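Values in this document were obtained by computation on a predicted structure and should not be read as measured data. In what follows, chains carry the letters A, B, and so on, assigned in the order in which the sequence lines appear, proteins first and then strands, with residues in each chain numbered from 1.
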2 protein chains.
Amino acid sequence: MTKSNYHHGNLRDSLIESAHSILAADGVESVSLRNVAKQTGVSATALYSHFHDKRELLAVLATQGFERLSDLMVVEAGKRSPGDQLGAPDLAGLALGYVKFATDNSALFQLMFGREVGNLKDYPFLQEAGARCYGLMADSVAARLRESGAPDSPAVAATAAWSMVHGLSTLINDGRISAHTCELGSNEELVLQACRAFSFGVTREPFS
Amino acid sequence: MTKSNYHHGNLRDSLIESAHSILAADGVESVSLRNVAKQTGVSATALYSHFHDKRELLAVLATQGFERLSDLMVVEAGKRSPGDQLGAPDLAGLALGYVKFATDNSALFQLMFGREVGNLKDYPFLQEAGARCYGLMADSVAARLRESGAPDSPAVAATAAWSMVHGLSTLINDGRISAHTCELGSNEELVLQACRAFSFGVTREPFS
DNA sequence: CACGCATCTTAACAGTGTAAAGTTAATAAT
DNA sequence: ATTATTAACTTTACACTGTTAAGATGCGTG
């Protein structure tokens, strides 16, 4: 309780790490200031020397999540097209990485898109990290549209693609859909099939 | 504090109504037992005579939400195909209703799919109400597949469709996508264009 | 009338985020 | 080297949360 407690050194990073481990282990509602502080070995209000809020801590956590998500997306996309690392990343690979991240880190994923951090405008770094993630999909979709010569709006197509992948992630995490209900063996297969349907078209003809 | 308070008559419905109005006005985090009780003119713990939990109250609220959502979906689908009320509902119409409900009742929509009610298995009536909603889309997609003679799995196509529509709803509500970023005039247009992309296909050719 | 019972109230508890004020120790200035 | 400044951390306290336990109320039935 002398030097060891005071001037912890890098308390900020320690708090982030504790919060991350509690989040992954026990879910977002267990990430309380007192829990984080106890696990870090510090008083409950020590956090306020390094963060303005609990929300700011969560925003930092969410930002790290988006960075890891983007990384995983490009890794998974690279796996599916090992040859051309220069072209735009493979869309299905990006989707696989997205859903894999969401299901492997469900609590963090909830935090990234949940209402705990509140208004995105308060944390530009968080909005930026999320935008990079969307950018990956947008680039891939745009490249694919150029290749096929389709006249569609790249922005609309990218938005639709992101929506489907994001919807898959949240609905799987909520237990509302699963590979089992589609008579498939794994969620990876479900993602691939859904991407195929999306890219090839469900009815092969425009409606209305 | 005499007869007027005791034996309220239909306190259960009154609590639901109060909770609903608070939810719509001030968001889900303002729906506290004390707020609901105060607005109903009753003590904070009176709720426990009619619900096991706060969660149960929220589950009932969410169930009503799913019922209203399903209703709106069929109404919007009917608007788009006034002729054939007998066939399967129009997919784009269902999607329009879905997104319209989500954006017009964002707090309720959050509650319906959020983590406040917790495990779906605890409330079969809630799961059932959600399943009806999914069933509408599944039927529409299956009918469309039959018409076009496509060999795709109806379950996969329906899951993909629901995912896209649900993703659109949540991402719009989170302020992550909007008609503006797609250079469109309204969210209705965005939904229609996204559905068109989904149904017709983005690249018109299978990938991978 | 009286009993039982569902309904509602009051009081209390453990938990939450956060503000205010006090304590400690490392750093800067003289 | 001593002092002043200041950032980092603790203690205390407050208003709020959901929930439990015990008591009060009055309706319906014997």
Side-chain angles (χ1 to χ4, degrees), chain A residues 1-19 22-23 25-62 107 110-111 114-119 122-123, chain B residues 1-19 22-23 25-62 107 110-111 114-119 122-123:
Chain A
M1 50 194 65
T2 65
K3 180 181 173 183
S4 56
N5 277 7
Y6 273 83
H7 303 85
H8 178 286
N10 56 350
L11 180 55
R12 191 186 143 99
D13 289 346
S14 298
L15 289 169
I16 294 174
E17 190 181 322
S18 294
I22 293 175
L23 175 66
D26 301 325
V28 59
E29 52 268 356
S30 294
V31 182
S32 73
L33 295 191
R34 287 170 173 80
N35 276 107
V36 173
K38 180 179 296 180
Q39 175 149 331
T40 316
V42 90
S43 88
T45 56
L47 172 139
Y48 288 92
S49 295
H50 300 275
F51 300 92
H52 175 262
D53 256 328
K54 180 189 182 185
R55 280 181 61 223
E56 189 178 294
L57 169 63
L58 297 181
V60 171
L61 237 57
Q110 274 180 2
L111 185 66
R115 139 191 43 65
E116 285 84 6
V117 304
N119 194 348
D122 295 343
Y123 305 104
Chain B
M1 51 198 63
T2 64
K3 178 182 175 184
S4 56
N5 278 8
Y6 273 83
H7 301 87
H8 178 286
N10 55 351
L11 179 56
R12 191 186 145 98
D13 289 345
S14 298
L15 289 170
I16 294 174
E17 189 180 324
S18 295
I22 293 176
L23 177 66
D26 301 326
V28 60
E29 53 269 355
S30 293
V31 182
S32 73
L33 295 191
R34 286 170 173 82
N35 277 129
V36 172
K38 181 180 296 180
Q39 175 148 332
T40 316
V42 90
S43 90
T45 56
L47 172 140
Y48 289 92
S49 295
H50 300 274
F51 301 91
H52 175 263
D53 258 327
K54 180 189 182 185
R55 280 181 61 224
E56 187 176 297
L57 168 64
L58 297 181
V60 171
L61 237 56
Q110 274 180 3
L111 184 67
R115 138 193 45 62
E116 285 82 8
V117 304
N119 195 347
D122 296 343
Y123 305 104

Checklist outcome for this item: Side-chain atoms of A:His50 come closest, of C:dT7, C:dT9, D:dA8, to D:dA8
Checklist entry - Using a cut-off of 4.0 Å on non-hydrogen atoms, how would the nucleic acid contact of B:Ser43 be classed: base, sugar-phosphate, or nothing? => result base
Next on the checklist: Just the rounded figure in Å: distance from P of D:dT11 to CG of A:Leu47.
Outcome noted: 16 Å
Next on the checklist: From CZ of A:Arg12 over to P of D:dA7, roughly how many Å is that when rounded to an integer?
Outcome noted: 16 Å
Checklist outcome for this item: From NZ of B:Lys38 across to P of D:dA15 the rounded distance in Å is 13 Å
Checklist entry - Any sub-3.5 Å donor-acceptor pair from A:Arg34's side-chain atoms to A:Ala44's backbone N or O? => result no
Next on the checklist: At less than 4.0 Å, is any side-chain N or O atom of B:Asn35 found next to OP1 or OP2 of D:dT17? Yes or no.
Outcome noted: yes
Checklist entry - Once you round it to whole Å, what is the distance between P of D:dG18 and CG of B:Leu15? => result 13 Å
Next on the checklist: Output the rounded distance in Å from CG (A:Leu33) to C1' (D:dC16).
Outcome noted: 14 Å
Checklist outcome for this item: Checking D:dC9, C:dG17, D:dG18 against the side chain of A:Arg34 (C-beta onward), the nearest is C:dG17
Next on the checklist: I want to check one thing: is the phosphate of C:dA19, taken as OP1 and OP2, less than 4.0 Å away from some side-chain N or O of A:Tyr48?
Outcome noted: no
Item to check | Over 12 non-hydrogen atoms of neighbours within 6.0 angstrom of CD in A:Glu17 | outcome: no
Checklist entry - Are the charged groups of A:Arg115 and B:Glu116 less than 4.0 angstrom apart, N to O? => result yes
Next on the checklist: Both B:Lys54 and A:Ala44 contact DNA chain D. Which one's nearest nucleotide lies toward the 5' end?
Outcome noted: A:Ala44
Item to check | Separation of atom CG in B:Leu57 from atom P in D:dT19, rounded to whole Å | outcome: 11 Å
Item to check | Presence of B:His52 side-chain N/O under 4.0 Å of D:dT19 phosphate oxygens OP1/OP2 | outcome: no
Next on the checklist: Rounded to whole Å, please give me the gap between CZ in A:Phe51 and P in C:dT18.
Outcome noted: 13 Å
Item to check | Separation of C:dT16 C1' from A:Asp53 CG (nearest whole Å) | outcome: 14 Å
Checklist entry - Counting just side-chain N and O atoms, does B:Ser49 come under 4.0 Å of either OP1 or OP2 of C:dA6? => result no
Item to check | Side-chain H-bond candidate by donor/acceptor type, A:Thr40 with A:Ser14, under 3.5 Å | outcome: no
Item to check | Minimum-distance nucleotide to B:Ser32 side chain [options: D:dT10, D:dG18, C:dT18] | outcome: D:dG18
Next on the checklist: Could you tell me if the side chain of A:Tyr123 sits less than 4.5 Å from the side chain of A:Val60, heavy atoms only?
Outcome noted: no
Checklist entry - Side chain of B:Thr45, base of C:dT10: donor and acceptor closer than 3.5 Å? => result yes
Checklist entry - Base, sugar-phosphate, or nothing for B:Val31, non-hydrogen atoms under 4.0 angstrom? => result sugar-phosphate
